[in-house]
Number of protein chains: 2
Amino acid sequence: MKRKITLKQIARELDVSISTVSKALRNSEEISADTIEKVQAFAKLYNYKPNNIALSLKNRRTKKIGVIIPEIVHHFFSNVIKGIEKVANKHGYNVIVALSNESFDKEVLNMEMLANGSIDGFILSISKETLMLKDYHHFRETINQGMPIVMFDRVVNEINCDKVIVDDFDGAKNAVKIMIDGGSKHIGIITTKDYVSVGSLRTNGYLSALQLSGITASDELVLKVEDGLDTEENSDKLYKTIQSLFDNNPQMDGVFAVNELFALIAMKVAHERGIKIPEQMQVIGFTNGVLSKYATPSLTTVSQHAQQIGEQSAYLLIERLEKDEDLEEDGWKTVIVKTDVVERDSTK
Amino acid sequence: MKRKITLKQIARELDVSISTVSKALRNSEEISADTIEKVQAFAKLYNYKPNNIALSLKNRRTKKIGVIIPEIVHHFFSNVIKGIEKVANKHGYNVIVALSNESFDKEVLNMEMLANGSIDGFILSISKETLMLKDYHHFRETINQGMPIVMFDRVVNEINCDKVIVDDFDGAKNAVKIMIDGGSKHIGIITTKDYVSVGSLRTNGYLSALQLSGITASDELVLKVEDGLDTEENSDKLYKTIQSLFDNNPQMDGVFAVNELFALIAMKVAHERGIKIPEQMQVIGFTNGVLSKYATPSLTTVSQHAQQIGEQSAYLLIERLEKDEDLEEDGWKTVIVKTDVVERDSTK
DNA sequence: GACATGACCGAAAACGTTTTCGTGTTGAAA
DNA sequence: TTTCAACACGAAAACGTTTTCGGTCATGTC
C-alpha cells in the first residue's frame with residue numbers, strides 16, 4: 001500500500017533540500033525559475049498535497065469548525081448545518097459534524113475527541129440528557145482551554161459564550177393566537193419536559209397567548225412528553241401518550257406541538273377518531289421541515305429559519321477565532337433569529 | 001486566552017525532562033513512584049490531555065473514520081451512522097461526518113479535506129451528481145494514496161473497494177408482488193433516473209415482479225423523477241410531477257415508490273382526489289423511517305436495516321485498517337444486507 | 001577498593017510542515 | 001585583485017508527542 005508523498009521524498013528525488021521544495025511550491029522569490037518549474041512538475045505528477053496534520057501542528061490552528069448536534073435526522077439541524085457550511089466555506093473553514101444522539105456521554109466524548117487539536121472552535125446544540133443532568137463541566141473546560149463555543153437553539157444561561165437562539169416564546173404565542181383567532185377554545189399543547197429550554201419557553205408562550213385572550217389554562221391540556229420517547233424504539237409509547245391527551249380532553253379543538261413529529265402523530269390520532277382537521281381541530285407545529293409540507297393535511301408550522309441560525313452561529317464563531325488572541329475576554333453576544341408562522345391546511 | 005497545557009510546560013514546571021513526564025503519565029516502570037505521583041497529580045490539576053494532532057503526526061494514524069453522506073436528513077443515513085459509530089467506538093475509533101449535499105464539488109472538497117491526514121479511512125455513499133457525471137477520479141486517487149474506502153448503498157462498479165449494499169432488486173420485487181397479491185392490476189412506480197444505481201435496480205425488481213405475474217409493463221406507469229426535485233425549494237415541481245402520473249393513469253391502483261418522500265406525496269395526491277388507500281390504491285415505499293410509521297395511513301415499506309448496513313461497513317473498513325499493511329491488495333468484499341417488507345395500513 | 005547491577009532519568013530522533021537565518025557562489029564595480 | 005551585492009539554496013528550529021538508547025548515580029558483592 002502506497003503512502004502519501006512528502007516534501008522529504010520530493011527533495012531526495014530531486015536532490016535539493018526540503019526547504020527548497022517547500023519554497024518552490026509556494027512560488028517563493030528566493031528560488032530560481034528552473035527549480036520552481038522542476039519541483040512543481042514533479043509534485044503535480046505525484047499529486048502532492050501537504051499533510052494537514054503537520055500543518056495544523058505547526059500553525060496551531062486547523063481551519064476547521066466542529067459541529068455537535070443531538071440528532072441528525074431533523075430537518076432543522078440539517079438546515080442549520082447548511083447555513084454553517086455556507087459561511088464557513090466562504091471564510092476558508094471546513095465543517096466537521098459529530099452526533100451526541102441526545103446522550104450526555106457521547107456529547108462529552110465527541111467534544112473531547114475534537115477539542116484536542118482537531119478543530120478551532122465549536123458550534124453546538126446541547127443534548128437533552130445534558131440539559132436534564134445540568135452537568136456543564138465539559139463546556140466550561142473547553143472554553144477555559146481557549147476553545148470558543150457558540151451554542152444555538154438549545155442554550156443554557158450557566159455558560160458564558162456566544163449564542164444564537166430563536167424567539168421561542170413569541171413564536172409559540174403567535175401560533176396559539178392564530179388558533180384562537182380561528183375559533184379554537186380548548187387548545188392543547190404537546191411539549192417536552194421543562195429542562196429543555198426551548199420546550200419550556202414555548203410552553204410559556206402558549207400560556208401567555210391563552211392569558212391574553214382571557215382563556216384559563218388547564219393542566220389537563222398540557223402534555224409534557226417524557227424524554228426518550230421520540231426514538232424509533234419507543235414510538236408506540238409516544239403514540240399512546242398522545243392518545244391519552246385526546247382521551248382526557250374530548251372537547252379539545254386545537255393542538256400546538258413543539259415539534260413536527262408530535263404534530264404529525266396528533267393529526268394521525270385525530271384522523272383515527274374521525275376528527276376533521278382543521279374544521280373540528282386546528283393543529284400547528286414548530287420547525288418547518290419537509291414532513292409538515294407533505295403531511296395530510298399539510299401542517300401549519302412556526303418556521304425557524306434554520307439556515308439563518310447556522311449562518312449567524314458561524315459568523316459569531318469565526319469572528320471570535322480571527323480576533324486578536326488575548327484581547328478582551330467577555331462581551332458575549334446573543335443573537336435572536338425571528339420566527340414566522342407558515343399557514344397551511346391544518347388551520348382555518 | 002489560555003492555551004492547552006503541554007508536556008513541555010509540565011516538564012519545566014516540575015523541573016524534569018519531557019521524556020520523564022511522558023513516561024510518568026503512562027506509568028512506565030522506569031520512573032519512580034514518587035515522580036509518577038507528582039507528575040500525575042500536576043497533570044490532573046491542569047487537566048492535561050495529549051494533543052491529538054501531535055499524536056496523529058507521530059503515529060501516522062488518527063483512529064478516526066470519515067463518513068460522507070449525501071443528505072443528512074434521511075432517516076436511513078442517520079441509522080447507518082448509528083451502526084457505524086457502534087462498531088467504530090467498540091474498536092477505539094471515532095467517527096467524523098461530512099456532507100456532500102448531493103453535490104460533486106462538495107464531495108470532492110470534503111474528501112480532500114479529510115483525506116490529508118484527518119482520518120484513516122472512508123465510509124461513503126456517492127452523491128447523485130457524481131453518479132450522473134460518472135467522474136470517480138477522487139475515489140481512485142484516495143485509494144491510490146493508501147486510504148481505504150468502503151461504499152454503501154449507492155455504489156459503483158468502476159471502483160474496486162469494499163462495498164455494502166442492499167438487495168434492492170429482490171426488495172422491490174417482493175414489495176410489488178405483495179401489491180399484486182393484494183389485487184392491484186395497474187401498479188405505477190415512482191423512481192429516480194437510472195444513473196442512481198439503487199433506483200434502477202429497484203425499477204428492474206418492479207418490472208421483474210410484473211413479468212412474473214404476467215402483467216405487461218407500461219411506460220406510462222413508470223415515473224423517473226428528475227434530479228434535484230427532492231429539495232425543499234423544488235418541492236412544488238416534484239408535487240406536480242407526481243400529480244401528472246395520476247393524471248396519465250386514471251386506472252392506477254397501486255404505487256411503488258423508491259423512497260419515503262415519493263410515497264408520502266403519492267398518498268397525499270391520492271387523498272386529494274378522493275382515492276381511498278388501501279381499498280382503491282395500495283402504496284409501498286422503500287426505506288423504513290419515521291415518516292412511514294406516522295403517515296396517515298401508515299405506510300407499508302421495504303425496510304433496509306440501515307443500522308446493520310452501517311455496522312457491516314465499519315467492520316469492513318476496520319478490518320482493512322488493522323490488517324498488516326502491505327499484504328495482498330485485492331480481495332474486495334461486497335456484503336449484501338437483506339430487506340424485509342414491513343406491512344402497515346397502506347396495503348391490503 | 002574495584003566492579004557489576006539496577007534504579008532512575010535525560011537527550012535526541014522522528015512524524016511533515018514553514019520560516020528565519022545563514023552561507024556559498026557568482027558577476028561586476030573599485 | 002579585492003570587495004560587495006545579488007542570487008540561489010540549505011540548516012535548523014518549532015509545533016507536541018513517544019520511544020530508543022544511553023548516562024549517572026547509589027548500592028551491594030567479592
Side-chain angles (χ1 to χ4, degrees), chain A residues 2-40 43 46-64 113 115-120 145-147 325, chain B residues 2-40 42-43 46-64 115-120 145-147 325:
Chain A
K2 287 166 260 175
R3 285 234 149 272
K4 291 208 50 130
I5 194 168
T6 68
L7 286 187
K8 196 194 278 192
Q9 293 171 44
I10 301 183
R12 198 182 320 138
E13 212 70 34
L14 261 43
D15 210 38
V16 290
S17 78
I18 297 181
S19 348
T20 304
V21 178
S22 174
K23 290 175 196 165
L25 288 174
R26 341 192 93 234
N27 287 310
S28 160
E29 297 288 332
E30 300 182 33
I31 307 297
S32 70
D34 278 9
T35 314
I36 288 190
E37 200 190 358
K38 189 175 63 176
V39 169
Q40 293 195 352
Y46 283 89
N47 192 28
Y48 170 79
K49 295 268 167 54
N51 181 319
N52 275 331
I53 292 283
L55 280 182
S56 297
L57 185 59
K58 175 133 190 52
N59 299 333
R60 273 123 124 247
R61 60 185 310 181
T62 62
K63 281 272 181 180
K64 292 197 189 124
M113 129 175 139
N116 281 73
S118 298
I119 58 159
D120 294 339
Q145 313 221 329
M147 177 156 302
E325 288 282 322
Chain B
K2 288 166 261 178
R3 286 234 150 272
K4 291 208 48 129
I5 195 168
T6 69
L7 285 187
K8 195 195 276 192
Q9 293 171 45
I10 300 184
R12 198 182 322 136
E13 212 70 36
L14 262 42
D15 209 39
V16 291
S17 77
I18 297 181
S19 349
T20 304
V21 177
S22 175
K23 289 175 196 163
L25 288 174
R26 340 190 92 236
N27 288 310
S28 159
E29 297 288 331
E30 299 180 33
I31 308 296
S32 71
D34 277 9
T35 313
I36 288 190
E37 200 189 357
K38 189 175 63 176
V39 170
Q40 294 196 350
F42 191 89
Y46 283 89
N47 192 29
Y48 170 79
K49 296 266 167 54
N51 181 319
N52 275 330
I53 293 282
L55 281 181
S56 297
L57 186 58
K58 175 132 189 54
N59 300 333
R60 275 126 121 245
R61 61 186 309 184
T62 63
K63 280 276 182 178
K64 292 197 188 125
N116 281 70
S118 298
I119 58 159
D120 294 339
Q145 312 222 329
M147 177 156 303
E325 288 283 322

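Just so you know, these numbers use all the heavy atoms, side chains as well, and skip hydrogens, waters and symmetry mates. Chain letters run A, B, ... following the sequence lines, proteins first, then strands; residues in each count from 1.
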Enquirer: Could you write nucleotides 17-23 of chain D as a row of B, S and -, 5' to 3', where a protein heavy atom under 4.0 Å of any base atom gives B, of only sugar-phosphate atoms gives S, and otherwise -?
Expert: BBBBB--
Enquirer: Quickly work out the A:D34 CG to D:dC7 C1' distance and round it to whole Å.
Expert: 13 Å
Enquirer: Verify the contact: side-chain N or O of B:T35 to OP1 or OP2 of C:dC9, cut-off strictly under 4.0 Å; return yes or no.
Expert: yes
Enquirer: In whole angstroms, how far is the C1' atom of D:dA14 from the CG atom of A:L57?
Expert: 9 Å
Enquirer: Going from CD1 on B:I18 to CD1 on B:I10, what distance comes out if it is rounded to the nearest 0.5 angstrom?
Expert: 10.5 Å
Enquirer: Would a distance-only check, ignoring hydrogens and angles, find a side-chain to backbone donor-acceptor pair under 3.5 Å from B:N59 to B:R61?
Expert: no
Enquirer: Looking at B:N52, is its backbone amide N or carbonyl O close enough to the side chain of B:S56 to form a donor-acceptor pair, meaning the two atoms are under 3.5 Å apart?
Expert: yes
Enquirer: Which residues satisfy the salt bridge (Lys or Arg N to Asp or Glu O under 4.0 Å) test with A:E13, sequence neighbours excluded?
Expert: none
Enquirer: Rounded off to whole Å, could you give me the CG-to-C1' distance for the A:L14 and D:dC9 pair?
Expert: 14 Å
Enquirer: Write down the atom of B:P50, the atom of B:L55, and the distance for their closest heavy-atom approach.
Expert: CB-CD1, 4.0 Å
Enquirer: Quick check on D:dC15: is either OP1 or OP2 less than 4.0 Å from any side-chain nitrogen or oxygen of A:R61?
Expert: no
Enquirer: Test B:V39 against B:K23 for side chain to side chain contact (heavy atoms under 4.5 Å, CB included), laying out the working first.
Expert: CA-CA 10 Å; B:V39 170; B:K23 289 175 196 163; over 6 Å; no
Enquirer: Could you state the CD-P distance from A:E29 to D:dA8, rounded to the nearest angstrom?
Expert: 10 Å
Enquirer: Taking CD1 from B:I31 and C1' from C:dG10, how many angstroms apart are they, rounded to a whole number?
Expert: 9 Å
